[in-house]
Amino acid sequence: MQGVDAVVVGAGFGGLYMLYRLRELGLTVRVIEAGSGVGGTWYWNRYPGARCDTETMQYSYSFSPELQQEWRWTEKFAGQPEILAYANHVADRFDLRRDITFNTSVVSATYDEEHDRWSVVTDADETIDSRFVFMATGCLSTARMPDFPGMSSFNGRTYHTGHWPHEGVDFAGRRVAVIGTGSSAIQSIPMIAQQAKHVAVFQRTPNYSIPARNVPMTDDYERQWKSDYPALRQQQKRTRTGILNGLNDVSAMAVSDDERQRQYEQRWLTGGTTFMASFNDLVTNKDSNHTAAEFVRQQIKATVRDPAVAELLTPRDYPIGTKRICADTAYFETFNRDNVTLVDIRKAPIDRIVADGIVAAETTHAVDDIVFATGFDAMTGALLKVDIRGRGGVSLRDKWNAGPRAYLGIATAGFPNLFMITGPGSPSVLSNMIVSIEQHVEWLTDCIRHMQNCQMHVIEPTLAAEDAWVEHVNKAAHRTLYPSAASWYMGANIPGKPRVFMPYIGGVGRYREECDEIAAKGYEGFTLAPAGGAPVAAPRAL
Ligand SMILES: Cc1cc2nc3c(=O)[nH]c(=O)nc-3n(C[C@H](O)[C@H](O)[C@H](O)COP(=O)(O)OP(=O)(O)OC[C@H]3O[C@@H](n4cnc5c(N)ncnc54)[C@H](O)[C@@H]3O)c2cc1C
């Protein structure tokens with residue numbers, strides 16, 4: 001059995017950066033990654049049209065001034081191949097690969113209370129003995145496959161957007177069904193429609209989507225960012241979303257109708273999800289939200305020629321922004337094509353899949369290929385796939401039976417020295433995730449350094465601190481409109497998953513302050529213990 005100081009699970013942006021920092025602390029590290037390469041999300045999601053909807057000058061690491069100066073993005077919103085190339089560049093530039101084991105999944109992690117060590121087991125039957133475990137397993141990395149009757153009888157090809165074949169897929173001359181209309185569907189449908197003979201889009205819930213209006217990077221724009229990168233990165237960290245989005249810090253209700261319309265039109269023309277920054281209360285004030293939602297509804301009506309299709313594509317029963325807002329390139333326009341049809345599976349749900357197609361409301365839609373754009377078991381899926389057992393052999397699955405509970409979204413009581421990067425209870429999926437990843441990794445690095453300095457071996461949150469944090473996260477959520485939508489933020493896309501609003505809505509700026517304050521108070525809410533010693537209340541910071 002090999003012994004290391006730390007096992008990091010996952011080699012996406014979270015795992016790569018965690019490895020880099022742990023090495024700096026002098027720790028021996030093994031990174032275990034299920035894929036054959038680095039990049040996580042950008043390794044797996046190779047569907048046509050996959051791209052970032054956070055501007056890539058902002059969706060990139062800030063920890064290395066040299067890296068952020070030397071890397072050149074070719075588009076405002078980079079596509080998946082370019083982001084994957086960036087992840088590979090980072091792995092090479094910082095010589096990270098030598099500590100990563102690819103094509104291997106962690107299947108269990110068990111805490112040995114006698115020795116204060118984790119026993120991490122992989123699907124290659126290797127057991128790694130480790131002091132720390134860092135779960136950098138990703139919030140959107142466990143693809144959700146629906147379970148329609150008859151699926152195995154389908155004679156055609158099937159794909160999930162989150163597990164796209166590396167060699168790509170040729171849809172020329174094919175009749176393709178796309179099931180789902182979330183972000184991945186909205187990005188891929190226009191691309192598939194350009195190639196396929198016919199595309200049938202199976203929609204349960206229409207989505208709000210804003211045109212991305214992606215453009216090639218210009219030297220000028222790149223210079224603007226790079227000449228002031230350190231200051232801009234600092235500003236990003238203090239925002240609510242980790243994105244400099246030109247927030248118009250006024251209520252939508254505080255301006256005239258004309259001014260409101262002007263603001264929305266300008267944002268619509270600029271493009272991208274920063275549309276939600278048109279006013280400061282779009283996710284907290286129903287009336288304000290309604291004005292933004294109504295504006296988008298009007299755009300759909302004006303874009304889609306067939307009024308019945310336009311109406312079906314129009315979201316009406318949840319506030320804009322409370323499900324992940326999408327950015328598209330010609331999504332609504334695609335429904336004006338002769339080779340695209342929309343199937344309303346809310347009214348007529350899919351009954352079953354048969355050899356040559358999909359049956360909904362006793363109508364058979366004959367297709368050659370099915371693309372499942374059915375999303376992910378978000379935030380907890382990858383964590384709970386691993387059989388994690390803490391003190392007393394208690395499993396995380398049991399502990400989180402009624403929903404995830406974690407202190408700061410970083411650690412959970414009863415599971416000492418086990419950490420989550422962007423876990424439930426942190427801003428995570430509500431933010432620019434690279435900003436949130438960097439913050440977690442840096443906070444944890446400081447925490448481990450603190451433990452080294454005061455010769456503490458074990459750290460674990462107290463149940464009381466965890467309970468208080470979970471309540472804080474809930475209260476923050478219920479001050480907004482988010483819980484009113486049946487979204488994957490709430491676990492609503494997974495049958496049987498507890499309905500709990502999982503991310504922390506307080507904003508990355510405020511969250512950072514809260515984390516820093518806890519660290520400054522000597523890791524308040526955690527207990528620390530020396531090797532073989534009894535837990536002690538968190539000591540004051542050195
Ligand atoms: C299509 C798509 C578009 C996105 N666009 C944006 C965007 O524009 N802006 C934004 O901020 N965020 C976006 N995201 C979110 C994105 O997931 C994060 O930005 C970021 O890439 C997450 O990095 P990560 O390292 O935390 O997780 P991931 O990139 O998901 O990496 C986790 C890795 O862990 C591995 N893993 C999981 N479990 C195990 C196990 N048991 N054993 C071994 N390996 C394991 C997985 O194989 C994976 O490689 C997008 C997500 C998707 C799916």
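Whatever order the structure lists ligands and atoms in, that order sets their numbers, starting from 1. Heavy atoms only: backbone and side chains are in, while hydrogens, waters and symmetry mates are out.
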Nitrogen or oxygen atoms of [X] and ligand 1 under 3.5 Å apart:
X	value
Thr54	yes
Ala11	no
Cys52	no

Could you check whether any heavy atom of [X] sits closer than 4.0 Å to an atom of ligand 1, since that is the contact criterion I want to use?
X	answer
Tyr43	no
Ala136	yes
Ser431	yes
Val107	no
Ile437	yes
Lys385	no
Trp44	yes
Arg324	yes

> Under 3.5 Å, is there a donor-acceptor pair linking the side chains of Thr104 and Thr122?
Replying inline: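 Side chains of Thr104 and Thr122: no pair found under 3.5 Å.
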> For the residue pair Val470 and Arg405, what are the closest heavy atoms and their distance?
Replying inline: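 Looking at all heavy atoms of both residues, the shortest contact is CG1-NH1, 3.7 Å.
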> Considering only protein heavy atoms, which is closest to atom 47 (O) of ligand 1, and at what distance to one decimal place?
Replying inline: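 For atom 47 (O) of ligand 1, the nearest protein heavy atom is Glu33 OE2, 2.7 Å.
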> When Thr101 is tested against each of Glu33, Arg30, Glu126 for side-chain hydrogen bond (donor to acceptor under 3.5 Å, both in side chains), which residue passes?
Replying inline: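 For Thr101, the side-chain hydrogen bond (donor to acceptor under 3.5 Å, both in side chains) check succeeds only for Arg30.
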What part of [X], side chain from CB on, backbone N/CA/C/O, both or neither, has a heavy atom under 4.0 Å from ligand 1?
X	answer
Trp42	side chain
Phe102	neither
Thr41	both
Cys139	neither

> Would you call Arg157 and Asp369 a salt bridge, using N to O less than 4.0 angstrom?
Replying inline: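 Between Asp369 and Arg157 there is a salt bridge, with a charged N closer than 4.0 Å to a carboxylate O.
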Does [X] use its side chain to pair, donor to acceptor, with the backbone of [Y] at less than 3.5 Å?
X	Y	result
Ser130	Phe132	yes
Asn245	Thr274	no
Gln203	Leu342	no

>> Exactly one of Thr137, Leu384, Asp377 should register a side-chain contact (heavy atoms from CB on, under 4.5 Å) with Thr142. Which one does?
In response: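 Only match with Thr142 under side-chain contact (heavy atoms from CB on, under 4.5 Å): Asp377.
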> Parallel, tilted or perpendicular: which fits the ring planes of Tyr61 and Tyr17, with parallel below 30° and perpendicular above 60°?
Replying inline: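 Judged by the thresholds at 30° and 60°, the geometry between Tyr61 and Tyr17 is tilted.
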